[in-house]
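We count ligands from 1, going down the list as the structure has it; atoms in each ligand are counted the same way. In this chain, residues are counted from 1 in sequence order. Side-chain atoms are counted along with the backbone in the values below, which use heavy atoms only and exclude waters and symmetry mates.
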Amino acid sequence: MAKKLAVVGAGLMGAGIAQVSAQAGYEVVLRDVTDEALARGRSGIAASYEKFVAKGKMTAEDAEAALARITTTTDLDAAADADLVVEAVFERIEVKQEIFRTLDRLVGDDTVLASNTSAIPITKIAAVTERPERVVGTHFFSPVPLMQLCELVRGYKTSDETLARAREFAESTGKTCVVVNRDVAGFVTTRLISALVVEAVKLYESGVASAEDIDTACKLGFGHAMGPLATTDLTGVDILLHATGNIYTESQDEKFAPPEIMRRMVDAGDLGRKSGQGFYTY
Ligand SMILES: NC(=O)c1ccc[n+]([C@@H]2O[C@H](COP(=O)([O-])OP(=O)(O)OC[C@H]3O[C@@H](n4cnc5c(N)ncnc54)[C@H](O)[C@@H]3O)[C@@H](O)[C@H]2O)c1
């Protein structure tokens, strides 16, 4: 089992992946571009462990030991001896490609490079490296410590061995994996949620139904735990705008074209829960 893990990006997802990995026994190097982002990531992890301890789901000793397995750094070179690197930076292809180009030069030949992207084709990220067969998608869900799913994504050249190593890693953190065999934009999960969100936003934008009623229809009619507009607010309007925009650009399928109101909400800073205002007020 890969025991040394590097996580690039200490935001919501990177911190969550570092948290569950350290809990599973990995030595984790967590890298971000600023000390502030790292401090935020680390204190979020510590607070989450504390909650698990308070609920009796983890002992205080295990929480302390897990936290001690996480080191933070702004230096990407610290990833050099990792067996596996998971990238979880902003959903921008050029940012991810630059990181993969650098990591490819930095890490050992056998190291697997994984991306947590929700919608960017793994093949496009893998193509900037000399190791496309050892690049894979490990798409965790938010909040990582609570959500059970990890969507494993094969790029065009991802090898069976790499997929198996990614599965072993994700399963060792307690996740259940689904495999996306063809690297379509948005994979399976983001494609499904994007199609639902785009249609929900269109219904809301054109006044067919209120946000509350659209969400209630999905919850009570389909048994969804949360409606699509509340999900958008939780995930971030900006994140879903990028995700649907990427799928639309890639597929040229009109059903993924982001409705204009999503752009205006992002322009106005209404990003959902994190800004206090989205389709709902928080
Ligand atoms: N938020 C979600 O619900 C969710 C779910 C699944 C997948 N994802 C995907 O996970 C990835 C991360 O999303 P997030 O919500 O954690 O974003 P976020 O904005 O919370 O965090 C991104 C972090 O990356 C850092 N970063 C930017 N450039 C960097 C670099 N060159 N090196 C190191 N760190 C850098 C930023 O400082 C920030 O801390 C994205 O690809 C996103 O699509 C997000």
_salt bridge (charged side-chain N to carboxylate O under 4.0 Å, His left out) involving Glu161 - partner list, sequence neighbours excluded_ = Arg165

*Pairs in or reaching into residues 215-230: which pass side chain to side chain donor-acceptor pair (under 3.5 Å), with residues at least two apart or in two chains?*
Asp215-Tyr280

For ligand 1, run through the N/O pairs with the protein that fall under 3.5 Å and put one pair on each line.
from: ligand 1; atom 1: 8 (N); to: Ser118; atom 2: OG; distance (Å): 3.3
from: ligand 1; atom 1: 10 (O); to: Asn116; atom 2: ND2; distance (Å): 3.0
from: ligand 1; atom 1: 16 (O); to: Leu12; atom 2: N; distance (Å): 3.3
from: ligand 1; atom 1: 16 (O); to: Met13; atom 2: N; distance (Å): 2.8
from: ligand 1; atom 1: 20 (O); to: Leu12; atom 2: N; distance (Å): 3.0
from: ligand 1; atom 1: 32 (N); to: Arg31; atom 2: NH1; distance (Å): 2.6
from: ligand 1; atom 1: 37 (O); to: Asp32; atom 2: OD1; distance (Å): 2.6
from: ligand 1; atom 1: 37 (O); to: Asp32; atom 2: OD2; distance (Å): 3.4
from: ligand 1; atom 1: 39 (O); to: Asp32; atom 2: OD2; distance (Å): 2.6
from: ligand 1; atom 1: 41 (O); to: Val89; atom 2: O; distance (Å): 3.3
from: ligand 1; atom 1: 41 (O); to: Glu91; atom 2: OE1; distance (Å): 2.5
from: ligand 1; atom 1: 41 (O); to: Lys96; atom 2: NZ; distance (Å): 2.7
from: ligand 1; atom 1: 43 (O); to: Glu91; atom 2: OE1; distance (Å): 2.9
from: ligand 1; atom 1: 43 (O); to: Ser118; atom 2: OG; distance (Å): 2.6

*Classify the side-chain pair Gln19/Ser48 by whether it contains a donor and acceptor separated by less than 3.5 Å.*
yes

*Classify the side-chain pair Glu64/Tyr49 by whether it contains a donor and acceptor separated by less than 3.5 Å.*
no

*Tell me the salt bridge (charged side-chain N to carboxylate O under 4.0 Å, His left out) pairs involving residues 85-94, sequence neighbours left out?*
Glu87-Lys96, Glu91-Lys96

*Counting distance only, does the side-chain N/O of Ser43 pair as donor-acceptor with the main-chain N or O of Ala39 below 3.5 Å?*
yes

